[in-house]
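Report on the following structure.
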Number of protein chains: 2
Amino acid sequence: MCCNMQLTSSPLAGSMGAVSAPLAPAFSPLYQQIKSLILNSLRSGEWKPGEAIPSEMELALRFRVSQGTVRKAIDELAAENLLLRRQGKGTFVATHAEQQVQFRFLKLVPDSGPPGSEGPAQRDIIACRRTRASADIARALALRTGDPVLQARRVLSFAGTPTILEDIWLPAVPFKGLTAERLANYQGPMYVLFETEFNVRMVRAEEKIRAEPASEGREKLLKVERGTPLLSVERIAYTYQDEPMELRRGYYRTDTHHYHNTLG
Amino acid sequence: MCCNMQLTSSPLAGSMGAVSAPLAPAFSPLYQQIKSLILNSLRSGEWKPGEAIPSEMELALRFRVSQGTVRKAIDELAAENLLLRRQGKGTFVATHAEQQVQFRFLKLVPDSGPPGSEGPAQRDIIACRRTRASADIARALALRTGDPVLQARRVLSFAGTPTILEDIWLPAVPFKGLTAERLANYQGPMYVLFETEFNVRMVRAEEKIRAEPASEGREKLLKVERGTPLLSVERIAYTYQDEPMELRRGYYRTDTHHYHNTLG
DNA sequence: TAGTGGTCTAGACCACAGG
DNA sequence: CTGTGGTCTAGACCACTAC
């Protein structure tokens with residue numbers, strides 16, 4: 001096939017003729033290269049969240065490969081929750097607006113009943129300001145110390161009970177134009193706002209969880225006794241290409257809820 | 001193809017002609033049926049953990065389908081970590097003995113350094129007895145109240161520091177012959193013992209995590225002050241077919257370690 | 001050199017959604 | 001009815017491992 005050479009030469013050629021690094025992949029299947037091309041289109045915003053991407057046949061013609069190769073590329077992207085296949089309708093860019101997706105990132109569920117059974121969460125922004133990154137914030141977001149960042153603090157309440165207190169840091173540049181009112185007025189998942197307004201889609205996140213006593217005023221905001229054990233959850237969220245785009249430090253009450261996780 | 005009918009008739013035929021239940025799947029792809037057949041062989045112990053299963057071509061001949069169909073079935077089982085593909089060598093039954101697998105089930109990692117960098121864990125069984133299931137234990141293990149169970153308590157220490165205290169309940173029947181000495185003498189991951197000695201392979205687990213103060217003697221075993229916040233981790237582990245086979249209630253110190261989780 | 005899994009293709013047909 | 005994704009097949013060739 002003609003473009004086999006074209007494709008093979010683009011993503012990996014640079015690292016090929018370098019030095020004697022026998023550990024380099026030195027071989028990239030066609031479908032992986034197609035996957036990268038699709039990923040680039042997603043990243044650039046050619047297809048927006050919620051929209052349908054071209055059909056498998058169209059993509060096959062566009063990339064000059066067989067439909068099966070495109071299929072395998074899309075299969076992997078769907079397995080990573082970046083695309084969503086719907087038989088008979090098409091393949092769509094995944095979005096945080098879908099109900100199911102919400103609970104891939106919010107793991108705190110009520111002790112009784114399924115996730116979300118306590119009704120919609122109440123979100124209260126209690127602070128929001130523009131500041132500069134301290135050393136540890138900068139490291140987490142792959143910035144330099146002193147780079148401008150947005151910082152917000154909010155409380156999530158379920159059935160009237162304050163349950164989650166979160167401090168959130170965002171790099172100022174990609175979120176240019178995000179204001180306190182904008183955040184405060186938006187009632188809905190934050191990641192939906194991010195992807196619709198700033199073309200920043202959170203794809204993956206890492207969390208570090210500890211048990212810590214309530215202190216430093218957090219006990220008041222969560223309405224618990226000082227010293228009450230809380231779940232401390234630090235999250236770094238990444239967009240396509242593993243770029244860190246958000247740091248969260250959350251404190252969860254676990255008297256009526258628990259953090260749910262599936263292993264395997 | 002001849003056996004298309006054979007296969008289609010076996011797993012689903014019963015529920016087909018029943019009543020007007022339009023919610024039933026009413027259609028099962030061939031590769032899903034092959035997947036079930038392979039799963040049955042795994043479950044029955046036809047191929048033991050660590051062993052190679054027959055090659056794709058052999059399985060294709062055995063099931064009278066094309067190699068591609070077998071491949072797709074194996075693909076899914078490999079994605080679920082039940083099988084392990086090794087190019088040029090074959091496909092193997094996954095085992096808990098592999099280094100990488102250990103940390104799919106133990107999510108507590110040191111604050112600095114990669115998982116396992118503190119050296120091997122020291123495992124001390126401090127109690128082990130045969131007893132009868134209370135109501136909540138029975139519910140978790142899908143048993144009846146009063147059914148015989150094995151209960152063990154152990155402490156895991158890293159670099160000499162007691163870090164995890166766990167109570168473990170197992171249904172007595174599948175673990176017939178498991179004694180206190182057997183457990184105490186075995187130095188290694190418990191799930192390895194289970195799969196090699198009892199043909200019980202843990203495939204999936206659900207965890208509920210809370211923050212709780214140290215009490216009821218746990219503070220002594222973990223050598224922390226009474227009231228110190230601990231991570232409370234309740235785990236139910238499942239074998240093939242989603243049968244619950246183990247209940248664990250663990251308490252984790254999070255002063256030098258944290259629970260690590262990936263979302264996405 | 002032989003055997004394994006991995007890739008790629010081409011074509012036929014099925015299931016599902018919507019005009 | 002058409003177009004979409006989903007399944008299944010058959011065959012060719014590639015990459016890796018072991019003997």
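Order of the sequence lines fixes the chain letters, A, B, ..., with proteins taken first and strands second; residue numbering starts at 1 for each chain.
Distance CD (Gln67(B)) to P (dG6(C)): 10 Å, rounded to an integer number of Å. Atoms NZ (Lys35(A)) and P (dC8(C)) sit 13 Å apart, rounded to a whole Å. A straight line from CG of Leu61(B) to P of dA10(D) spans 11 Å, rounded to a whole angstrom. Look at CG on Leu59(B): it is 15 Å from C1' on dG3(C), rounded to the nearest Å. Distance CZ (Arg64(A)) to P (dA10(C)): 13 Å, rounded to an integer number of Å. Atom CZ of Phe63(B) is separated from atom C1' of dC8(D) by 16 Å (rounded to the nearest Å). The interatomic distance linking Leu30(B) (CG) with dA15(C) (C1') rounds to 15 Å, in whole Å. Straight-line distance from the CD atom of Gln32(B) to the C1' atom of dG6(D): 12 Å, rounded to whole Å.
Considering only side-chain N and O atoms, Lys72(A) lies nowhere under 4.0 angstrom from the phosphate OP1 or OP2 of dC8(C). Remark: Thr69(A) is in phosphate contact with dT9(C), judged by side-chain N or O atoms under 4.0 Å from OP1 or OP2. Listed pair Arg86(A) / dT4(D) fails the phosphate criterion, with no side-chain N or O lying under 4.0 Å from OP1 or OP2.
Residues forming a side-chain contact (heavy atoms from CB on, under 4.5 Å) with Thr95(B) (at least two apart in sequence, or on another chain): Pro49(B), Ala97(B), Glu98(B), Glu195(B). Annotation: salt bridge (Lys or Arg N to Asp or Glu O under 4.0 Å) contacts of Glu76(A) (sequence neighbours excluded): Lys35(A). With sequence neighbours left out, Arg71(B) forms a salt bridge (Lys or Arg N to Asp or Glu O under 4.0 Å) with Glu56(B). Taking Phe198(A) as the reference, Phe175(A) meet the ring-ring contact (aromatic ring centres under 6.0 Å, His included) condition, with sequence neighbours excluded.
A side-chain donor from one of Tyr259(B) and Asn261(A) sits under 3.5 Å from a side-chain acceptor of the other. Using modelled atom types, one finds no donor on one side chain facing an acceptor on the other under 3.5 Å when comparing Glu234(A) with His258(B).
Here the nucleotide nearest the side chain of Arg85(B), chosen from dG6(C), dT9(D), dT7(C), is dG6(C). For Pro29(A), the side-chain atoms get nearest to dC8(C) when compared with the rest of dT7(D), dG6(D), dC8(C). Distances from the side chain of Arg71(A) to the nucleotides dC8(D), dA15(C), dG5(D) place dG5(D) closest.
Within residues 87-97 of chain B, the residues having any heavy atom under 4.0 Å from DNA chain D are, by residue number, Gln87(B), Gly88(B), Lys89(B). Within residues 42-58 of chain B, no residue is approached by DNA chain D to less than 4.0 Å at the level of any non-hydrogen atom.
Of all the heavy atoms in Arg248(B) and Arg154(B), the pair that sits closest is NH1-NH2, 3.3 Å. Here the shortest heavy-atom pairing between Ala142(B) and Pro244(B) reads CB-CG, 3.7 Å.
A salt bridge links Arg182(B) to Glu197(B): one of the charged nitrogens lies within less than 4.0 Å of a carboxylate oxygen.
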